[in-house]
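Below, chain A is the first sequence line, B the second, and so on; all start at residue 1. This one's a predicted model, so the numbers in the text were calculated from it and none came from an experiment.
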2 protein chains.
Amino acid sequence: MARPSGSDAGVTGPRVHAAAERLFARSGYAAVSMRQIAAEVGIGAGALYHYTPDKQTLLRRLMLDHLKDLLSAWAEADPGGDPITRLDAFARFHIRFHLDRPDAVFIAYMELRSLDPDNFSAVEARRKCYEAIPETILRDGVAAGRMRLADPKVASVALIAMLTGVNTWYRDGGRLDRAAVEGIYADLAMGLVGARRGAG
Amino acid sequence: MARPSGSDAGVTGPRVHAAAERLFARSGYAAVSMRQIAAEVGIGAGALYHYTPDKQTLLRRLMLDHLKDLLSAWAEADPGGDPITRLDAFARFHIRFHLDRPDAVFIAYMELRSLDPDNFSAVEARRKCYEAIPETILRDGVAAGRMRLADPKVASVALIAMLTGVNTWYRDGGRLDRAAVEGIYADLAMGLVGARRGAG
DNA sequence: CTTGGAATTGAACGCCCGTTCGGTTTATCC
DNA sequence: GGATAAACCGAACGGGCGTTCAATTCCAAG
């Protein structure tokens, strides 16, 4: 038995990525073996090397794909307009996007140290692109007198950290649904930048 | 050569913990070998087992020690009194404590998944004790009409996530010193809970 | 119906892992 | 100063690691 019937690179390829994403998120890159990934897909370990030159490249692709999705999704979700509107949209977008892809997000934040220097640089560059988004919004908000911040740079990383933290506790079927969580965080974001409208 | 002159468990023991902490924080628990830890200490791998029954216990002790330090340090730093005062103290305490122990903090947040189920439970229990601190402060603040929050529970985890994020970017010798960072985060915390005094 | 490439197996390679253990040197206690 | 325990070395154990490769089977095109 060598080539099983029904085998198809168009099917197996995505399954390899999905399995790697699940396992890397659950146990960490270093703790997951190529044999485990292969077992999850239902193939032998050797066959993985038709889909990636090595384990490291698998991680690199997962991260870059995620960041590409993130940046292009925001490009489409960005309403433009005044800073308050954009901040509200950004907060809600970030929560939604992160709740929809917990595994990819987890990897992107936790496995930076598992990347080779070259891959790290590539990933870090895109990550900074994303961090620049709220920073611009906050600077505009301060300039327009709609936000009060001692340090927009720190505030923007604080904002991202706050929002990203949602993945550490949110579970479907819990006390709050996604829409409620989105609203709560959007409101907290407004307070963070000194532009709170009202809460209750 | 078997027992080197000058060898002393009272010296080597802490060095083992320190080396493990450094390496685990830098590369991750799974990616660090006992031989690497031993090499950092300057002993053979086998000698490590005079100081820990196994690798897992080493991680467990690092985490529990850190959380014990964290809880007892706050017990001493807690000024009591009104919620606004306590929140300011908590935010400043959290920033200070985390900036002083970046490695221990990193491990405590990133290596939860590397713990055996029993060890995870023990660590998680103490972690929830700490999370209960801001939650109480925020509930008291809302009850006293000094804070405006739709959901104190979510706000408290958001607060912790925001504060802990300082370790992802702060470096000594950068644009801001620790005292400045402490103040900025304390101010952001006030805004987060709807109690901002003033910024600029 | 043949042919050629695509998809995969399964064995193998060398290496490193966590852990154990007998032996050896150093410190300590009486 | 002789015995006992502490601290450590160095080799070894079985096993899993990432990766390679010849062989094999399936599929699609001619």
Seminar exercise, completed: salt bridge (Lys or Arg N to Asp or Glu O under 4.0 Å) pairs touching residues 104-114 of chain A, sequence neighbours excluded, are A/E111-B/R113, A/R113-B/E111
Exercise. In Å and rounded to the nearest 0.5 Å, what is the CG to CD1 distance from A/L176 to A/I184?
Worked result: 4.5 Å
Exercise. Of all residues at least two apart in sequence or in a different chain, which pass the side-chain contact (heavy atoms from CB on, under 4.5 Å) check with B/T12?
Worked result: B/V16, B/V41, B/I43, B/Y51
Problem set entry | Nucleic acid contacts - residues 110-122 of chain B versus DNA chain C, non-hydrogen atoms under 4.0 Å | none
Exercise. Can you name the residues that form a side chain to side chain donor-acceptor pair (under 3.5 Å) with B/T136, not counting sequence neighbours?
Worked result: none
For this session: Write out all pairs satisfying salt bridge (Lys or Arg N to Asp or Glu O under 4.0 Å) with one or both partners inside residues 36-51 of chain B, taking only residues at least two apart or from two chains.
Result: B/R22-B/E40
For this session: Please list, chain by chain and in numerical order, all residues satisfying side chain to side chain donor-acceptor pair (under 3.5 Å) with B/E21, sequence neighbours excluded.
Result: none
Seminar exercise, completed: Residues pairing under salt bridge (Lys or Arg N to Asp or Glu O under 4.0 Å) where one sits in residues 162-177 of chain B, two or more places apart or in two chains, turn out to be A/D151-B/R175, B/D172-B/R178
Seminar exercise, completed: By nearest-heavy-atom nucleotide on DNA chain C, the more 5' of B/M34 and A/L48 is A/L48
Using a 3.5 Å cut-off and no angle test, enumerate the donor-acceptor pairs between side-chain atoms of residues 59-73 of chain A and protein atoms at least two apart in sequence or in another chain.
| from | atom 1 | to | atom 2 | distance (Å) |
| --- | --- | --- | --- | --- |
| A/R60 | NH1 | A/N119 | OD1 | 2.5 |
| A/S72 | OG | A/K68 | O | 3.2 |
| A/S72 | OG | A/D69 | O | 3.3 |

Problem set entry | Stretch residues 51-64 of chain A: residues that reach within less than 4.0 Å of DNA chain D through a heavy atom | A/D54, A/K55
Exercise. For residues 121-131 of chain A, which residue pairs qualify under salt bridge (Lys or Arg N to Asp or Glu O under 4.0 Å), counting only residues two or more places apart or in two chains?
Worked result: A/E124-A/R127, A/R127-A/E131
Exercise. Residues in ring pair (Phe, Tyr, Trp, His ring centres under 6.0 Å) with A/Y130, at least two apart?
Worked result: A/F90, A/H94
Exercise. Which part of the nucleic acid does B/V11 contact within heavy-atom distance under 4.0 Å: base, sugar-phosphate only, or nothing?
Worked result: nothing
For this session: Select base, sugar-phosphate, or nothing to describe what A/G44 touches, counting heavy atoms under 4.0 Å on all strands.
Result: sugar-phosphate
Exercise. Has A/Q36 got a side-chain N or O lying under 4.0 Å from the OP1 or OP2 atom of D/dC17?
Worked result: yes
Problem set entry | Worked check of side chain to side chain donor-acceptor pair (under 3.5 Å) between B/T85 and B/D88 | CA-CA 5 Å; B/T85 302; B/D88 182 75; over 6 Å; no
Exercise. Which of the following nucleotides, D/dC27, D/dC17, C/dT19, is nearest to the side chain of A/S33?
Worked result: D/dC17
For this session: Look at B/T12 and D/dC8 and indicate whether a side-chain polar atom (N or O) is within less than 4.0 Å of OP1 or OP2.
Result: yes
Problem set entry | Per B/H50 side chain, nearest of listed nucleotides C/dT9, D/dC26, D/dC8 | D/dC8
Problem set entry | Closest-nucleotide 5' rank along DNA chain C - winner of B/A31 and B/P4 | B/A31
Quick test: give all pairs of protein nitrogen or oxygen and nucleotides 12-14 of chain C nitrogen or oxygen below 3.5 Å, distance rounded to 0.1 Å.
| from | atom 1 | to | atom 2 | distance (Å) |
| --- | --- | --- | --- | --- |
| C/dA12 | N6 | A/R35 | NH2 | 3.4 |

Seminar exercise, completed: Judged by nearest nucleotide, the residue sitting upstream toward the 5' end of DNA chain D, B/G10 or A/A30, is B/G10
